Novice: 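This is the structure I want to talk about, given as structure tokens.
Please read all numbers here as calculations on a predicted model, not as lab measurements. Reckoned from all heavy atoms, side chains included, excluding hydrogens, waters and symmetry mates. Lettering of chains follows the sequences in order, A, B, ..., and the numbering in each one begins at 1.
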Amino acid sequence: MPELPKRYDPAAAEPPVLERWLAAPELYHPAPEGTAAENYSIAIPPPNVTGALHMGHALNGSIQDTLIRFQRMQGRRAKWILGTDHAGIATQAQVEKLLLREGTDRETLGREAFVARVWEWRERYGGTIIEQLKRLGASCDFAEERFTLDPAYAQAVAKVFVELHEQGLIYRDLRLVNWDPGTRSAISDLEVEEREVQDVMYAIDYPLASGSGAVTVATVRPETMLADTAIAVHPDDERYARLVGETAILPLVGRRLPIIADPYVKPEFGTGALKITPGHDPNDFEIGRRHGLPELSVIGEDGRMTEEAGEWAGLPVREARERIVAALTEQELIVSRTPYTHMVPHSHRSGERIEPLISLQWFMRMEELAEPAAAVVRDGTVRITPENHRRVYLDWLENIRPWCISRQLWWGHQLPVWYRAEETYVGLEPPAGEGWTRDPDVLDTWFSSALWPFATLGWPEETDELRAFYPTDALVTARDILFLWVARMVMMGLRFRGEVPFTDVYITSVIQAPDGRRMSKSLGTGIDPLDEIARHGADGVRFGLLAMSSSQDVRYAEDKVAQGQGLANKLWNASRFVLGQVEAGGAVADATPRAIEDAWILARLERAKAEAARAIEGFEFHRAALGLYDFVYAELCDWYLEWVKGREDALPILLAVLEETLRMAHPVIPFVTEAMWAHLPGAEGLIAAAPWPAAAPEREDEEAESAVARAIAAVQAVRSWRDEVGVRPGATVPARLEAAGYEDVAGGLARLARLELASGEDGATGPVASLAIPGGTLHILPSDALDLEAASRRAGAERARLAGEIGRAEGKLANAGFVAKAPSAVVAAEREKLARLQAALAELG
RNA sequence: GGGCGGUUAGCUCAGUCUGGUCAGAGCGCCUGCCUUACAAGCAGGAGGUCCCCGGUUCGAGCCCGGGAUCGCCCACCA
């Protein structure tokens with residue numbers, strides 16, 4: 001094989017392989033036939049159209065592709081449902097930024113033109129991440145790419161909205177919502193993140209209407225006092241008992257505030273008296289509803305004070321706060337100011353501080369959907385791996401709250417809702433008659449994502465795809481969208497298909513930067529998987545990410561990727577070695593063992609296959625990757641290839657083992673295995689379309705395994721001895737074997753340890769060294785290859801080591817408890833070990 | 001305030017479910033080798049109080065209790 005380079009160069013080798021896969025749609029686009037139970041499918045977590053491949057996608061993609069390729073090679077129709085998400089806020093923001101640079105904005109453009117502009121943007125740039133997935137080797141169904149805003153998909157979304165509305169689960173309500181001043185939209189609870197903020201807590205005196213003193217309240221947001229409608233104290237708080245039912249006067253405004261009792265108030269916190277602002281605080285809102293308090297709004301959607309705020313109208317909140325504090329100070333109503341650090345809700349999207357506002361929005365009632373979604377996880381219909389996420393999932397569903405689903409954006413699924421005066425119409429088609437106006441809001445992006453596993457397959461039509469691939473099998477994602485997405489898919493799948501959307505949820509690790517910080521572009525800690533692919537190849541990146549993956553968060557380790565690259569190179573060279581011999585001699589693969597080492601490698605291959613299959617099916621990808629590495633390096637290359645060098649009759653077995661190893665490895669490192677496959681004699685088509693190697697129980701051979709294991713240990717003992725004693729590496733050393741169980745492996749031992757084994761009588765000479773090996777002793781006979789002084793030094797060290805081990809074994813056996821209570825097999829093994837050690841020591845003299 | 005997870009070699013991590021053969025891998029380091037597949041290689045080696053304390057057990061990285069420490073998730077204390 002002179003045309004094959006000594007070094008495997010993934011940058012050169014991978015692209016042509018990719019071309020061949022892409023030219024074979026039958027590989028990744030299975031016919032929509034058969035049942036979902038027979039077939040295998042995964043719906044990709046749809047990346048945002050604005051997205052570029054990051055490390056999370058790369059890990060996710062590596063895992064899903066390993067599963068898909070493995071199942072495809074098992075002969076199943078394997079479909080990896082592909083597509084992208086319209087990602088309302090992210091995409092709209094992207095295009096708005098563009099407009100800003102052009103000196104215009106969406107308001108100027110108008111809704112229709114703006115949306116057209118976003119579509120244009122999407123056509124141009126939306127495919128980036130798909131191309132990047134290809135480079136990773138992901139064998140998605142590229143023949144059918146979905147988009148959550150496709151017309152057919154939009155139909156599905158509208159239908160779900162209309163039906164849930166008819167069923168009373170979707171409703172419109174005036175409630176306090178999380179208002180994001182950054183995106184100028186309401187957002188759901190899940191899109192809010194708590195951040196630590198330094199505030200000042202003010203204690204403010206509210207004079208009593210009776211004129212007899214004041215009640216002091218604590219607040220970090222004095223500007224909201226303009227919307228106060230009560231003061232609350234705890235019902236059992238004796239300090240305030242006499243004030244309940246009294247009235248306080250709101251400073252600056254003069255409003256009369258009833259003093260009420262509510263158990264929500266914590267007497268020990270602050271002053272124990274709480275100003276109630278139902279219009280701007282979620283807790284106060286609830287208290288207000290309980291007590292029938294008026295709900296005033298003094299802050300608007302633009303983050304400025306409203307007309308209700310009187311002289312402060314129009315001021316940004318922060319400025320209003322300063323002025324109000326100044327006014328209160330002037331009136332000597334501020335009792336204290338205390339620096340106060342606490343958690344404050346911020347928008348996950350814009351990063352701005354959430355402004356709780358009372359707003360008319362659409363909500364979804366969740367209890368009725370959550371219950372069955374919890375049940376299927378409880379009863380194991382849906383398995384979550386790793387299992388500790390189960391509890392988190394269930395806890396969330398058991399404490400579910402209404403979901404605010406309307407968003408004040410333009411890019412997305414516009415609500416199928418029309419208004420005319422006091423009338424509201426909800427339907428798939430616009431209402432008949434004049435004067436209707438459509439609700440301008442769009443749905444939360446996660447509303448449409450929740451339908452992903454079935455809307456991508458053509459629902460609500462009863463398509464062949466739906467029959468063949470729903471429910472899907474595995475859902476692979478990071479845990480940050482367990483509630484946002486996974487739980488909601490389960491709800492919607494059950495509600496609209498009557499079946500779970502997938503049977504396994506695998507939660508991936510989060511890959512952190514090498515220093516343990518979050519990988520993020522803004523922190524500058526991001527590592528681009530494409531750079532890593534350029535450096536180490538897609539196989540290396542895939543292997544490395546799988547090897548890193550775990551049940552916990554992990555730091556990115558380029559080492560592991562390099563290890564994967566090393567594996568690809570190793571397989572490449574092992575293949576070159578085998579193929580070079582084929583070229584010289586010609587051979588056909590045949591796995592019939594001709595020598596004990598053949599039986600050994602076949603038995604080891606069986607174990608490697610079983611372990612790989614078990615690991616992939618059990619979502620233990622690090623085991624799958626590292627197990628493969630160990631087999632290829634430690635067994636196939638380090639021992640078997642070296643052992644059979646020069647043995648011509650081993651070639652058919654070598655070929656057979658290589659061929660199976662490539663197929664076994666393909667789901668993890670698809671490129672190098674495909675590249676090599678093309679050179680194998682007799683191999684047809686794509687390895688990607690070849691069957692994964694079936695179990696061959698007749699190859700199991702524990703005798704061969706233990707015989708070769710003995711030989712390996714003996715070789716290592718000799719090599720270690722040679723090195724320490726300073727025997728020239730090339731020299732052959734005479735020796736005599738006095739050990740049981742080496743009948744079939746003596747030749748291999750001699751060759752690999754560079755020994756010349758003397759037969760019984762030839763070896764009668766006194767040994768210059770004796771090495772303990774499994775089953776007996778290897779005596780080194782005198783020769784000019786070794787330094788006797790070094791040998792005796794080494795023997796002394798060996799004696800000390802043996803004596804130590806003997807002491808340990810004796811101690812253990814002297815322990816009456818051990819002998820009496822440990823299982824007899826364990827005790828027997830210990831006795832055997834002691835006898836062996838003693839014999840070895842005796843041999844050393 | 002609840003919940004979850006981590007702490008094992010200089011670094012990044014396996015191993016803990018199922019206690020004994022389990023002190024492991026990769027990288028790094030030291031020594032020797034271009035041995036006719038691979039120097040991105042091969043062979044050999046050094047290096048660990050398995051976070052701490054206590055318990056269970058004949059025997060504990062592994063099981064139990066407590067603690068320290070780092071991290072994550074959830075949560076409406078002004």
Novice: Classify the nucleic acid contact of A/T277 as base, sugar-phosphate or nothing, counting any heavy atom under 4.0 Å across all strands shown.
Specialist: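 The answer is nothing, as A/T277 stays clear of every strand by at least 4.0 Å.
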Novice: Can you see which heavy atom on A/C404 is nearest to which on A/S188, and at what distance?
Specialist: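 Distance-wise, the nearest heavy atoms are O-CB, 4.0 Å.
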Novice: Taking the same atom, C1', in B/G41 and in B/G26, what whole-Å distance lies between them?
Specialist: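 One C1' to the other, the span is 16 Å.
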Novice: One thing to verify: whether A/D395 and A/R391 come together as a salt bridge, which I'm taking to mean a side-chain N less than 4.0 angstrom from a carboxylate O.
Specialist: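 Between A/D395 and A/R391 there is a salt bridge, with a charged N closer than 4.0 Å to a carboxylate O.
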Novice: Would A/D284 and A/R289 pass as an ion pair if we require N to O under 4.0 Å?
Specialist: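 No, this pair does not count.
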Novice: Does the side chain of A/I780 reach to within under 4.5 Å of the side chain of A/W721, using non-hydrogen atoms?
Specialist: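 The answer is yes; the side chains approach within 4.5 Å.
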Novice: Using atom P of each nucleotide, how far apart are B/U16 and B/U21 to the nearest Å?
Specialist: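 It works out to 15 Å between them.
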Novice: What's the closest nucleotide to the A/R555 side chain, out of B/U21, B/C13, B/C58?
Specialist: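 My answer, after comparing the listed nucleotides, is B/C13.
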Novice: To the nearest Å, how far apart are A/H622 NE2 and B/G15 C1'?
Specialist: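 It is 9 Å, rounded to the nearest whole Å.
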Novice: Given side chains that start at C-beta, do those of A/E355 and A/I299 come closer than 4.5 Å, heavy atoms only?
Specialist: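 Result yes, sub-4.5 Å side-chain heavy-atom pair found.
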Novice: B/C76 and B/U57: how far apart are their C1' atoms, nearest whole angstrom?
Specialist: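 Each nucleotide's C1' atom is 49 Å from the other's.
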Novice: Figure out the OH/P separation between A/Y629 and B/C13, and round it to whole Å.
Specialist: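 Computing the A/Y629:OH to B/C13:P distance gives 18 Å.
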Novice: For a quick check of understanding: with a heavy-atom distance under 4.0 Å over all strands, which category does A/P823 fall into, base, sugar-phosphate or nothing?
Specialist: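 Base, at least one base heavy atom under 4.0 Å.
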Novice: Tell me the stems RNA chain B sits in, counting at least three consecutive Watson-Crick or G-U wobble pairs, each under 3.5 Å on both distances.
Specialist: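 Runs of three or more consecutive pairs: B:1-7 with B:68-74, B:10-13 with B:24-27, B:29-33 with B:41-45, B:51-55 with B:63-67.
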Novice: Can you give one letter per nucleotide of nucleotides 28-43 of chain B, 5' to 3': B if a protein heavy atom sits under 4.0 Å from the base, S if only from the sugar-phosphate, - if neither?
Specialist: ----S--B-BBSBSSS
Novice: Where along nucleotides 69-78 of chain B does protein come under 4.0 Å, by heavy atom, of base (B) or sugar-phosphate alone (S), with - for untouched nucleotides?
Specialist: ---S-SSBBB
Novice: Please measure how far the C1' atom in B/G47 lies from the corresponding atom in B/G24, and state the result in whole Å.
Specialist: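 Their C1' atoms lie roughly 13 Å apart.
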Novice: When all nucleic acid strands are considered with a 4.0 Å heavy-atom cut-off, which category describes A/R722: base, sugar-phosphate, or nothing?
Specialist: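 If one applies the 4.0 Å heavy-atom cut-off, A/R722 turns out to touch nothing in the nucleic acid.
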Novice: Measuring only the C1' atom in each nucleotide, how far is B/C34 from B/A14? A whole number of Å is fine.
Specialist: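 Roughly 34 Å separates the two C1' atoms.
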Novice: Locate the shortest heavy-atom distance separating A/A273 from A/V215; write the atom from each residue and the value.
Specialist: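 Closest heavy-atom pair between A/A273 and A/V215: CB-CG2, 3.7 Å.
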Novice: A/W721 has an atom CH2; how far is it from atom P of B/G45, in whole Å?
Specialist: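 The answer, rounded to whole Å, is 14 Å.
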Novice: Between B/C27 atom C1' and A/Y556 atom OH, what is the distance in whole Å?
Specialist: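 My rounded result for the distance is 14 Å.
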Novice: Let me know the distance between CD1 of A/I507 and C1' of B/G5, rounded to the nearest Å.
Specialist: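 Taking atom C1' of B/G5 as the reference, CD1 of A/I507 is at 14 Å.
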Novice: I need the CZ-P distance between A/R390 and B/G3, as an integer number of Å.
Specialist: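 It is 18 Å, rounded to the nearest whole Å.
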Novice: Report the distance from atom CZ of A/F818 to atom P of B/G59, rounded to the nearest whole Å.
Specialist: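 My rounded result for the distance is 11 Å.
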Novice: Is any NZ, NE, NH1 or NH2 atom of the basic residue among A/R353 and A/D199 found under 4.0 Å from an Asp or Glu carboxylate oxygen of the other?
Specialist: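 Between A/D199 and A/R353 there is a salt bridge, with a charged N closer than 4.0 Å to a carboxylate O.
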Novice: With the 90 degree cut-off around zero defining syn, does B/G61 come out syn or anti?
Specialist: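 In terms of base orientation relative to the sugar, B/G61 is syn.
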Novice: May I ask you to say whether A/E558 pairs ionically with A/R535, meaning some side-chain N is under 4.0 Å from a carboxylate O?
Specialist: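 A salt bridge links A/E558 with A/R535.
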Novice: When you measure from the side-chain N and O atoms of A/H389 to the phosphate of B/G3, is any distance below 4.0 Å, counting only OP1 and OP2?
Specialist: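 False: A/H389 side-chain N/O out of range (4.0 Å or more) of B/G3 OP1/OP2.
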Novice: Is there side-chain contact between A/W572 and A/P5, with heavy atoms separated by less than 4.5 Å?
Specialist: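 Heavy-atom side-chain distance check passes, below 4.5 Å.
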Novice: How far, in whole Å, is B/U36 from B/U31 if one measures between their C1' atoms?
Specialist: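 25 Å, rounded to whole Å.
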Novice: Using the C1' atom as the reference point in each nucleotide, state the distance between B/G55 and B/G3 in Å, no decimals.
Specialist: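 Pairwise C1' distance, B/G55 against B/G3, rounds to 26 Å.
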Novice: Check this for me: does any side-chain nitrogen of one of A/R831 and A/E810 sit under 4.0 Å from a carboxylate oxygen of the other?
Specialist: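 Salt bridge absent between A/R831 and A/E810.
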Novice: So what does A/A820 hit on the nucleic acid, given a heavy-atom distance under 4.0 Å: a base, only sugar-phosphate, or nothing?
Specialist: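 No contact.
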Novice: Is the shortest distance from a Lys or Arg side-chain nitrogen in A/E223 or A/R221 to a carboxylate oxygen in the other one below 4.0 Å?
Specialist: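 Answer for the salt bridge query: yes.
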Novice: Within 45 degrees of the axis of the six-membered ring of A/Y264 and under 6.0 Å from its centre: does A/K266 put its NZ or CZ there?
Specialist: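 Here A/K266 passes the 6.0 Å and 45° test against A/Y264.
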Novice: Does the plane of the ring in A/W396 sit parallel, tilted or perpendicular to the ring in A/F483? Use 30° and 60° as the thresholds.
Specialist: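 Plane angle under 30°, so parallel.
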